[in-house]
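Worksheet for the structure shown next.
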Amino acid sequence: IATMKRQLRSMGLSLDWKREFATCDVGYYRHQQQVFLDMLAKGLAYRKSSKVNWDPVDHTVLANEQVIDGRGWRSGALVEQRELTQWFFAITRYSDELLDALQTLDKWPEKVRLMQANWIGRSEGMLVRWAVEQSTAPKGILEVEVYTTRPDTLFGASFLAVAADHPLAKAASATNPELAAFCDDCRRMGTSVTELETAEKKGFDTGVLVSHPFDETWKISVYVANFVLMEYGTGAIFACPSGDQRDLDFARKYDLPVVPVVMPAGEDVATFKIGKTAFDGDGVMINSRFLDGMDTTAAFEAAASRLEKLTLAKKPVGTRKVQFRLRDWGISRQRYWGCPIPIVHCADCGVVAVPSTDLPVKLPDDATFDLPGNPLDRHPTWKHVDCPACGKAARRETDTMDTFVDSSWYYARFTAPDAETPIDKDAAAYWLPVDQYIGGIEHAILHLLYSRFFTRALCDTGHLALKQNSREPFGALFTQGMVTHETYKSADGQWLMPEEVRISGEGTARTAADIKTGAPVEIGDIIKMSKSKKNLVDPDDIIAHHGADCVRWFVLSDSPPERDFIWTEGGVAGAGRFIQRISRFVDQIADAGAARGTAKPETFGADAMSLRKAAHRALNLVASAIEGLRFNVAVAQVHEFANSLQTALTKADGKPARDLAWALREAGEFLAQMISPMMPHLAEDGWQRLGYNTLVANQPWPGVEAVLLVDDTITVAVQVNGKRRDELTIARNASHLEIETAALKLDSVVRALEGRTPKKVIVVPQRIVNVVV
RNA sequence: GCGGACGUGGUGGAACGGUAGACACACAGGACUUAAAAUCCUGAGAUGGCAACGUCGUGUGGGUUCAAGUCCCACCGUCCGCACCA
């Protein structure tokens, strides 16, 4: 494990031990491999060759964000661009369904749904083919196809731009060394985020001309531009500078035509000009021949239908096309740790599935981690197997699956964890979707989208039988915040653990010092706990010292669960004191309260009554707060009830009357009940000390007596002209008139009226009275 | 650049459009104690006043309403997501 950890660290990966161990189970992998093969049979899993960033030192594929700077240095060597054949899942086959079904997820946070919608990135547009003027055409290039969402702006076309990797750019580069050099420059860029932000829009005129689809005498230049992506659309665009800021900047830089074609409603054609800002809104078409005067939507339709009718080389010039940003999911990983992909490569038979009877394909136990690269590929024997089809010597697939695959379907497997098949359809149909899913916001896109894809893929491979319109894994989603803590940094720039620091003072005067040396320490930002910043607390230490209940109580009490939570030493101590307090209450009640099973008194005096009201009210409020996942509010209600209990115990002074003694026992039992979900140990301990030998966790939630939840008299605020002047305590069922009369008699109201006659008195029963003058 | 969320005391945070600051932490005073800790009681948004009481207060400026922390518009700030997406 230590060696693996080291290797993972050297690969720049952190290890989530819980997840890795939970899914490393060989039984689970047998089923996961079966699912993979079934997806392969349906074409949902496939191999594809693509260009990747390759770390030449660690011999591994890099994600884009791991490439450190614009030129792609990594581990001290230049990142290589490599063609690599890898495995993919066809998530894009479900693009539309994954997007549309987001609307049905009304118990998901809006934020997550939005993030997924943006990630899927649906856009409606057209593919438009432009004929290349043959006298200027590079070898073998007859036409250029662009993707656009704005065919309505075609008469504002100024130039075409293609990506450096576009066939036209490559063909033209063959006879133009300067262009070839420019294309090389473009390829080297665009790997890092910072580079993109600052990168200048640059282009190079290829000298190639194309004809406008609506007017073949209109010739337009084709540029290679560094901002056009080969991966999106067709790798080629047409630019309308008046309607797109980036195109406008480019046109101004290279002195290309700027023709306004859309004008905001209400502007005058004669005076409307495009300056430094493009107009990308909806409006009225101008300078656009047959589109003139139409609005944007109508112009889109008119242009689109004409493009569909025009032909070039006997095919339509334009075709409507829905484009997605979402890509298929690359699942190949060149590392040891993960589910082996159950495939054998044979020189004669090609890609051969491992027969189901031979699953699982297990990882070798004797892998070595002393060298960079994939230990499976390097292993002396593991990959050398016979072809399952023809029996000849063949090679095992050495890629393992992305661990996101593991977490994409466990919730379905867990509905029948011992099933012989990957999923027991009946069990899954009964339990799914998961009622309440709780996780971090960091999974908003990847894990949660992959799981949604998997549910559908499992249906289509016959592993799940869910209704077509509810193929969702998680019915309700809650995203909880992260645990954060202050950071501490010594004068020489070293991070310090909280336990190595002593804090004194408060507010802005708070200072910190190194306990060992006494040297002053800088108090830094409150950020997510991380090993590198050392702002960690060890859960084992805390539990050993304070107990698990104390930690739970503090974590729940501090902030609403969806927000980040600030761990403070003082907060834990406070929770610890509250536990002691509860414990004392239980002792006092066990001592002075009524015995278990004592008959309920017929009547209750004022003290007993007010305690009972507090108990029933608290029980009710705690229940609804917990059900709404508002745990910090639930904690506050328990605190408030504890204060009422304190008052009652003080009044009882160890010798309560019969009615109060009974109310105290009731209160004690309610207390155990209401803390049980949050502090189970303390609750069970209290329950036993109250004379039970059962578990409070097994008891039904007590029924509340509705009459105890309402008071006979209530207090309403009294306002004059919306400003609070007094409050009024009055019978709950008092009539409007009674309330109004009582309110107008109040001294404070009379004073505020200053002799004026009220114009209107608004009475909202049980809430407020507002006197308007 | 695009999209979204948020902004309340010293602090974490409460508040179906209806008494802003529940509850807690920290703080101050008191009781208990030889003393301290622990515990219990009390206080506290700011400001003026001995007090009664008054004025101002939920980032800023407008608006809707009998009534706005809450709804609408604009701006400022913080955070998050996406980002040459054609």
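Chain letters run A, B, ... following the sequence lines, proteins first and then strands; every chain starts at 1.
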| remark: From CZ of A:R581 across to P of B:rC25 the rounded distance in Å is 9 Å
| remark: Considering only heavy side-chain atoms of A:A717, the closest of B:rG54, B:rU19, B:rC25 is B:rU19
| said: Taking the P atom in each of B:rA74 and B:rU70, what is the distance between them to the nearest angstrom? | reply: 16 Å
| said: Considering every strand and a 4.0 Å limit on heavy-atom distances, what is the contact class for A:V772: base, sugar-phosphate, or nothing? | reply: sugar-phosphate
| message | By nearest atom, which of the nucleotides B:rU19, B:rU39, B:rG13 is closest to the A:Q719 side chain? | response | B:rU19
| query | Is A:K723 touching bases, backbone alone, or none of the nucleic acid, heavy atoms closer than 4.0 Å? | reply | sugar-phosphate
| field | Between A:H546 and A:F554, ring centroids under 6.0 Å | value | no
| Closest to the A:P560 side chain: B:rG13, B:rG12, B:rG81? | B:rG13
| Parallel, tilted or perpendicular: rings of A:W553 and A:F578 (30°, 60°) | parallel
| field | Short side-chain N/O contact to B:rA24 OP1/OP2 from A:N643, under 4.0 Å | value | yes
| query | Of the candidate nucleotides B:rA14, B:rC23, B:rG3, which contains the atom at the shortest distance from the side chain of A:L114? | reply | B:rG3
| With a 4.0 Å cut-off, would you call A:R252 and A:D247 a salt bridge? | no
| note | Assign each of A:E231 and A:I445 the nucleotide of RNA chain B bearing its closest heavy atom; nearer the 5' end lies the nucleotide of A:I445
| remark: Closest of B:rA26, B:rA20, B:rA86 to the A:L229 side chain is B:rA86
| Expressed in angstrom and rounded to an integer, what is the separation of A:R113 atom CZ from B:rC82 atom C1'? | 18 Å
| task | For A:S557, answer base if it contacts any base atom (sugar-phosphate contacts may also be present), sugar-phosphate if it contacts only those atoms, and nothing otherwise; contact means non-hydrogen atoms under 4.0 Å. | result | nothing
| At under 4.0 Å between heavy atoms, what does A:E640 touch on the DNA or RNA strands: base, sugar-phosphate, or nothing? | sugar-phosphate
| message | Could you tell me how far B:rU60 sits from B:rC50 if I compare only their P atoms? Round to whole Å. | response | 30 Å
| field | Nearest-Å distance once atom P is located in both B:rG77 and B:rC53 | value | 43 Å
| Roughly how far apart, to the nearest Å, are B:rG13 and B:rC6 at atom P? | 14 Å
| Is A:D549 salt-bridged to A:R552, cutoff N-O under 4.0 Å? | yes
| Partner of B:rA83 by Watson-Crick or G-U wobble geometry, both contacts under 3.5 Å, or none? | none
| note | Closest of B:rG13, B:rA83, B:rC80 to the A:N632 side chain is B:rG13
| Phosphate oxygens OP1/OP2 of B:rA86: is one of them under 4.0 Å from a side-chain N or O of A:Y232? | yes
| note | Which of B:rG12, B:rU19, B:rA86 is nearest the side chain of A:Y147? It is B:rA86
| message | Students often mix this up, so state it plainly: with edges at 30° and 60°, are the rings of A:Y223 and A:F250 parallel, tilted or perpendicular? | response | perpendicular
| field | Euclidean distance, atom NZ of residue A:K528 to atom P of B:rC80 [Å, nearest integer] | value | 12 Å
| request: Look at the side chain of A:N118 and the base of B:rC82, then say whether one donor and one acceptor between them are separated by less than 3.5 Å. | output: no
| Distance, rounded to the nearest Å, where A:D152 contributes CG and B:rA86 contributes C1' | 13 Å
| field | Toward the 5' end of RNA chain B, by each residue's nearest nucleotide, A:T650 or A:V635 | value | A:V635
| query | Taking the same atom, P, in B:rG43 and in B:rA36, what whole-Å distance lies between them? | reply | 24 Å
| Taking atom P in both B:rG45 and B:rA38, what distance in whole Å separates the two? | 25 Å
| field | Closest to the A:A636 side chain, choosing from B:rC23, B:rA86, B:rA14 | value | B:rC23
| field | Rounded distance in Å between the P positions of B:rG4 and B:rC71 | value | 16 Å
| query | Are OP1 or OP2 of B:rA52 and a side-chain N or O of A:R751 less than 4.0 angstrom apart? | reply | no
| said: Could you tell me how far apart A:Q637 (CD) and B:rA15 (C1') are, to the nearest whole angstrom? | reply: 12 Å
| field | Whole-Å gap separating P (B:rA15) and CZ (A:R724) | value | 20 Å
| SB check A:D96 A:R122 (cutoff 4.0 Å) | yes
| Can you tell me if the side-chain N/O atoms of A:R563 get under 4.0 Å from OP1 or OP2 in B:rC79? | no
| query | Are OP1 or OP2 of B:rC40 and a side-chain N or O of A:Q646 less than 4.0 angstrom apart? | reply | yes
| task | State the pairing partner of B:rG43; accept Watson-Crick or G-U wobble contacts with both distances under 3.5 Å, and report none otherwise. | result | B:rC27
| How long is the line joining CZ of A:F250 and P of B:rC84, in whole Å? | 17 Å
| task | Just say parallel, tilted or perpendicular for the rings of A:F565 and A:W567, cut-offs at 30° and 60°. | result | perpendicular
| Nearest to the side chain of A:I768 - B:rG18, B:rA26, B:rG54? | B:rG18
| field | Nucleotide paired to B:rA5 in any strand shown, Watson-Crick or G-U, under 3.5 Å | value | B:rU78
| said: Between P on B:rC84 and CG on A:D165, what's the gap in Å once rounded to a whole number? | reply: 15 Å
| field | A:D653/A:K655 salt bridge by N-O under 4.0 Å criterion | value | yes
| message | With rounding to the closest Å, how many angstrom separate the P atoms on B:rA15 and B:rU19? | response | 13 Å
| A:R325 side chain near B:rA83 phosphate (N/O to OP1/OP2, under 4.0 Å) | yes
| message | Counting only side-chain heavy atoms from C-beta out, which of B:rC84, B:rA86, B:rU19 sits nearest to A:F227? | response | B:rC84
| said: Any base atoms under 4.0 Å from A:T715, or only sugar-phosphate, or nothing? Heavy atoms, all strands. | reply: base
| Aromatic ring pairing A:F238/A:W130, orientation class (parallel under 30°, perpendicular over 60°, tilted between) | tilted
| note | With syn meaning chi within 90° of zero and anything else anti, the base of B:rG12 is anti
